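Letters go in sequence order (proteins before strands), and every chain restarts at 1. Bear in mind that the values here come from a model prediction, so they are computed numbers and not experimental data.
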Protein chains: 2
Amino acid sequence: MKEKVTIYDIAKALNVTAATVSRALNNNPKISEATRTLVLETAKKMNYEQNKFALALKSGKSHNVGVVVPFVNRNFFSSIIRGIEEELYPKGYHVIICQTHEDAKKEEETIQNLLNAQVDGILMSVSKHTQNLKHFEKVLKKNTPLVFFDRVKPLKGVSSVTIDDFRGGYEATEHLIKSGYSKIAHVTVDLSLSIYERRFEGYREALKDYDLPYNENYVVKAKSDIDSGEEAIKQLLKLKEAPDAVFSSSDFAALGAIRQLQSLGISVPQDFGVVGFSNEPFTQFMELSMSTVDQAPVEMGKMSAKVFLEQIKDVKVKVEKKVELSPELIVRKSSLK
Amino acid sequence: MKEKVTIYDIAKALNVTAATVSRALNNNPKISEATRTLVLETAKKMNYEQNKFALALKSGKSHNVGVVVPFVNRNFFSSIIRGIEEELYPKGYHVIICQTHEDAKKEEETIQNLLNAQVDGILMSVSKHTQNLKHFEKVLKKNTPLVFFDRVKPLKGVSSVTIDDFRGGYEATEHLIKSGYSKIAHVTVDLSLSIYERRFEGYREALKDYDLPYNENYVVKAKSDIDSGEEAIKQLLKLKEAPDAVFSSSDFAALGAIRQLQSLGISVPQDFGVVGFSNEPFTQFMELSMSTVDQAPVEMGKMSAKVFLEQIKDVKVKVEKKVELSPELIVRKSSLK
DNA sequence: TTGTATGCGTTATCAG
DNA sequence: CTGATAACGCATACAA
C-alpha cells in the first residue's frame, strides 16, 4: 500500500503526464471528456487526496480562517464560533480558534501568529484592554480580510458585524418604563468598549423620550460578574431617592442585583424590575427567569462569515461593510409587575 | 516594500546561499556563530516570516490539530476546547474546530476532511449516533494520532481521556443515600454511550453497597433536555411506590425534574432530592442551586492535549494511553434535606 | 563551515 | 488536447 498517492502516481498508471491529471482534477476545459472521466475514476480507485500544502504553497491561500475571541467557553463567543463554522465549513474553510484571555499583549501575538500561518482571513472580537491598533494595520497591509464582530475598533477598511446596541438599550429601558417603573438605574460595564457605550446611550434616549429625568447617580459601573452586580445594587439603594428598576448591560451583574435585592427582602419584579443583556443560558433557567436582550450570536457568526466570504471574492475591491443586526428584547419574569 | 520576503531575499542581501540562511534560522550546528547572528539580524530587519506551507510540504507536518465535537457552543465542549487550546498554543499548534451536530455522517466527512488537511492529530468526542468505526481506522492507518475525550469508542491504538463516570454515579447516589433519601431513581440518557452506562453502573453499585434494593422501574431513559426530564419524573411519580430522590445523568433533565416536582407541589429538597451531572453553569445560578458532578472539562482538554503531545513525540512507539480523571461531586441545595 | 542540487505535490505557461 | 518544464519556499544530503 502506497503511503501517499500523488498526481504522478496516477499519471504513471495511466501513461499520461501529471499536468493532464491536474487538469482533469480541476475541471480545466482544455481536456477531453474521455481522459477526464478516466482520470477521475482511477483517482478515486487509488484513493487520491489532494495535498493541501502544495496547493497552498502554490496559491498562497490556506483555506483557513482565524477566529480570535477572549475565551471560547463563554456562551456568547462559542455561539458565534458555531455560526462561523457552520457557514464556512461547507465552503471548504477551516476555522482556527485562538483565545486572548482579554490580554492585549496576547492578542497582538496571536494576530502575528495567524498572519504567519497565512490564514485567508481573521474574524475577531477585540480584547477589553486593547488600545494600540498597530497589529491590525499589519493585517490590512498584508491584504488579509479582517472582520470585527461585536467588539469593534474604529479602523478604516475593516468590516464589522454588530448588533444595534443602542436599540437594545433603548428597548430594555422602554420596556421597564412601560411596565410601570419610573426610577430606572443603569449598570454599565466598560464604557471604553463601544458596545457598552451605545447601550448606555439607548438608556438615556429612552428616558428622554418618556420624559423621565436623567440622574447621574443612577448610573453605576460594574464588572460583568455576580459580585460586582451585588455591589452596584447596594450602592444604588443607598441613594436618597433609590431607583425601582435597573437595566444592566450584563446578565451576570443583573443576576447579582437580583440576588442582592432578594436577600434584602425587596421582591422582584413587584418592587423592583430588572433587565439584563446577552440572553445567557442561565437567564431562562432561573426560577425567577430574567428579562434580557438577545444578541443573536449564532446569526452574528454566520453574518461575519458571509462578510468575509464577500470580501474574499474581490480582493481588489476593498469593501468596508458595516452590518448591524437587530437585538431582541426577551421579556421574562424579572421585569413584569 | 516586498510582498513576501523569503530566505532567498535575505541570502541575496548577505551574499550567501539560501541553504546557509536556512541553517542559521534552524539553529543548525554546522554554521559559524558570526553568520548565524548576522542572518538572524537581517532576517528580523527584513521582516522575514517563515512560510509554513513550504515547511509543511517538506516535512509533512502541519502543526494543526483537529478538534471534533458535537457542538462548540455547549459549555462542556467549549471548555474542553479551551483547555486544549491553552495547552497546544504555546507549543506552536493551532486548533481547528469542527462540529458534527451529533450526525454520524457528518462526523465521517469531517474526519476525512481533517485527514485531507493533513492535521498532525485529531482530538475528538464521538457523536451520539456513531456506530460504524471505519473512518477511525482510516486515521490510524495514516498514523495520525487519535485521542478520544469523554465519549469514547473501544478501538485498538487509540488513547482516551475520560472521567471516572462510574465513580461519579456512585458518589452522586451515595450522597443521596447519606442525605437520608432511600428510594432513589435514576434518569439515564443513552446507554449506548459508555459514559452513561458507567454512571448507571455506579448508581447500582452504590445501592448495593448500602443494601438498598435495585428496582428496574426506577430507571428511566430520557434525553438530555428539560422537557424530557419532566416526562421522566412524571413517569416515576406514577409508580405505586414512588421514589423520593433521583440521580440524573444530565443536568438538563435534572432541571426538568425539579420544575415538574415543584409544579406538583413536591418540595425539593425536603420531599425529594435531586442530583444532576455535568456542572452546567446554570446549576449554580438557580435559586435552588443544583447538586451535580463536575467533569473538569478544562482539565480534560488539557490532558487530551498532553496525551497528543506525548504521542507525537515518538511516532514509532504506538502508545495506547487511557487517562481517567476524577469527577467531583458538588453538593448544593437540591439534595440537602 | 558553506555551496550545490534536489525534492516535497501542485498548477500554470508555453510549446507541440 | 496533451506534454514538458518551471515555480511556489524551504530543508537537507552531498560535495567542496
Length of the line joining [X]:[atom1] and [N]:[atom2], which is rounded to integer Å:
| X | N | atom1 | atom2 | result |
| --- | --- | --- | --- | --- |
| A:Lys61 | C:dG9 | NZ | P | 23 Å |
| A:Ile31 | C:dA12 | CD1 | C1' | 14 Å |
| A:Leu38 | D:dT2 | CG | C1' | 14 Å |
| B:Leu57 | D:dC10 | CG | P | 12 Å |
| B:Asn51 | D:dA11 | CG | C1' | 13 Å |
| B:Phe53 | D:dG9 | CZ | P | 12 Å |
| A:Arg36 | D:dC1 | CZ | P | 9 Å |
| A:Gln50 | C:dC8 | CD | P | 17 Å |

Closest approach to the side chain of [X], judged atom by atom: which nucleotide of [options] is it?
| X | options | value |
| --- | --- | --- |
| A:Lys58 | C:dT4, C:dT10, D:dT2 | C:dT10 |
| A:Arg23 | C:dT11, C:dC14, D:dC1 | C:dC14 |
| B:Thr20 | D:dC10, C:dG3, D:dG3 | C:dG3 |
| B:Lys30 | C:dT4, C:dT2, C:dT10 | C:dT2 |
| A:Tyr8 | C:dG3, C:dT10, C:dT13 | C:dT10 |
| A:Leu55 | C:dT2, C:dG3, C:dT10 | C:dT10 |
| A:Ala54 | D:dA13, D:dC10, C:dT10 | C:dT10 |
| B:Asn26 | D:dT12, D:dA11, C:dT1 | D:dA11 |

Open item on the list: So that I can tick it off, tell me whether A:Lys321 and A:Glu310 are bridged by a salt bridge, with the cut-off set at under 4.0 angstrom between side-chain N and carboxylate O.
Closed with: yes
Open item on the list: If the threshold is 4.0 Å, N to carboxylate O, is there a salt bridge linking A:Arg36 and A:Glu33?
Closed with: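 Yes.
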With a cut-off of less than 4.0 Å, is there a side-chain N or O of [X] near OP1 or OP2 of [N]?
| X | N | result |
| --- | --- | --- |
| A:Ser32 | D:dC1 | no |
| B:Ser22 | D:dA11 | yes |
| B:Thr17 | C:dG3 | yes |

Open item on the list: Heavy-atom count check: over 12 atoms from other residues, nucleotides or ligands less than 6.0 Å from B:Lys322 NZ?
Closed with: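 Correct, the count exceeds 12.
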Task: Greater than 12 external heavy atoms within 6.0 Å of B:Lys138's NZ - done: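 Open.
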Open item on the list: By the 4.0 Å heavy-atom rule, please label A:Ser59 as base, sugar-phosphate, or nothing.
Closed with: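 Contact class for A:Ser59: none.
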Open item on the list: For a quick check of understanding: with a heavy-atom distance under 4.0 Å over all strands, which category does B:Gln118 fall into, base, sugar-phosphate or nothing?
Closed with: nothing
Open item on the list: A:Lys302: which residues meet the salt bridge (charged side-chain N to carboxylate O under 4.0 Å, His left out) condition with it, sequence neighbours left out?
Closed with: A:Glu86
TODO: Check A:Asn132, A:Thr100, A:Thr130 against A:Glu107 for a side-chain hydrogen bond (donor to acceptor under 3.5 Å, both in side chains) and give me the one that passes.
DONE: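 Single pass found, and it is A:Thr130.
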